[in-house]
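What you see is a predicted model, and the numbers here were worked out from it, not measured in a lab. What you see below is based on every heavy atom in this structure, not just the backbone, and it leaves out hydrogens, waters and symmetry mates.
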Amino acid sequence: MDTLAQRLAEVRLRIARAAERAHRDPAQILLLAVTKVFPAQVIRDAYALGLREFGENYVQEFETKLPQVADLPGARFHLIGHLQSNKSARAAEMFQCIQTIDSPKLARRLNDAGKPLDILLEVKLSPEQAKAGASPDELPALIAAVNACPNLRLLGLMTMPPWTADQEQSRPYFHRLRELAASHELPQLSMGMSHDLEAAIEEGATIVRIGTALFGKRQKP
């Protein structure tokens, strides 16, 4: 039976090998442990192994977990799921980074919460109706709106390509996000998950969002 420590070592090796192929420093790639639908103890276990950055999808779910992990010094929590503007104030209280800003209205709501936040803009590069995010054409106005918000620190862009087991099919989406980030002079790229982290890193990812490869299949709550 493999352990979390073994799976973490394997993921770090995959990151290192992909970085080497791309002539990049693996230390410049953040491993974001995606703990959605897992109990708070999983966060504590991962923290004990040295992980400090954790991704959650749902405000209400994390609300139940936060009291059990609030004592972990240096732990940072990223919201990587869609955020409704009516939950923005609570999200700003609980998270240090919001990766799914997709409208000026949402940016202003988060800014009005009065807490400094790191943010990324979610870009919709897929035609799938279910995918959230701003279109590339909307980015200039969205960036301007965020830059007018003194409590928000814009780090970069994030995207989620259509699901496919073949990471080469994800690569064009990663490449496009990198081009967009470069054109807007944004340094951070949140892209790539357990099944396609190699292609994402080779295309410039600075944050990979890893759940299944660390924690196994999602447990139903």
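The side-chain hydrogen bond (donor to acceptor under 3.5 Å, both in side chains) test applied to T206 returns Q188, not counting sequence neighbours. Every residue two or more places apart in sequence or in another chain was checked for a side-chain hydrogen bond (donor to acceptor under 3.5 Å, both in side chains) with E185, and none qualifies. Under the side chain to side chain contact (heavy atoms under 4.5 Å, CB included) criterion, P104 pairs with R108, L142, A145, sequence neighbours left out. Considering only residues two or more places apart in sequence or on other chains, H82 meets the ring pair (Phe, Tyr, Trp, His ring centres under 6.0 Å) condition with none of them. Remark: A19 engages R24, P26, I29, I201 in a side chain to side chain contact (heavy atoms under 4.5 Å, CB included) (not counting sequence neighbours). Q99 is linked by a side-chain hydrogen bond (donor to acceptor under 3.5 Å, both in side chains) to H78, S190, counting only residues two or more places apart in sequence or in another chain. In terms of the ring pair (Phe, Tyr, Trp, His ring centres under 6.0 Å) criterion, residue partners of F77 (sequence neighbours excluded) are, by chain and number, F54, F62.
Transitive grouping of hydrophobic side chains (ILVMFWY, heavy atoms separated by less than 4.5 Å) keeps Y58 and L66 in distinct clusters. L214 and L13 fall into different hydrophobic clusters, where Ile, Leu, Val, Met, Phe, Trp and Tyr residues are linked whenever their side-chain heavy atoms come under 4.5 Å apart, directly or through other members.
Legend: salt bridge (charged side-chain N to carboxylate O under 4.0 Å, His left out) pairs involving residues 189-198, not counting sequence neighbours, sorted by first then second residue: R14-E198. Residue pairs satisfying the salt bridge (charged side-chain N to carboxylate O under 4.0 Å, His left out) criterion with at least one member in residues 91-100, sequence neighbours excluded, are listed as follows: R90-E93. A salt bridge (charged side-chain N to carboxylate O under 4.0 Å, His left out) check over residues 138-151, counting only residues at least two apart or in different chains, returns nothing. For residues 37-54, the pairs satisfying salt bridge (charged side-chain N to carboxylate O under 4.0 Å, His left out) are R44-D71, E53-R76, with sequence neighbours left out.
Side-chain atoms of K36 do not come within 3.5 Å of backbone N or O of G81 as any donor-acceptor pair.
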Could you check R17 against E20 for salt bridge (Lys or Arg N to Asp or Glu O under 4.0 Å), going step by step and ending with a plain yes or no?
-> CA-CA 5 Å; R17 285 174 172 166; E20 184 180 9; over 6 Å; no

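Grouped with M160 in one hydrophobic cluster are M193, the linkage being side-chain heavy-atom contacts under 4.5 Å among Ile, Leu, Val, Met, Phe, Trp and Tyr residues.
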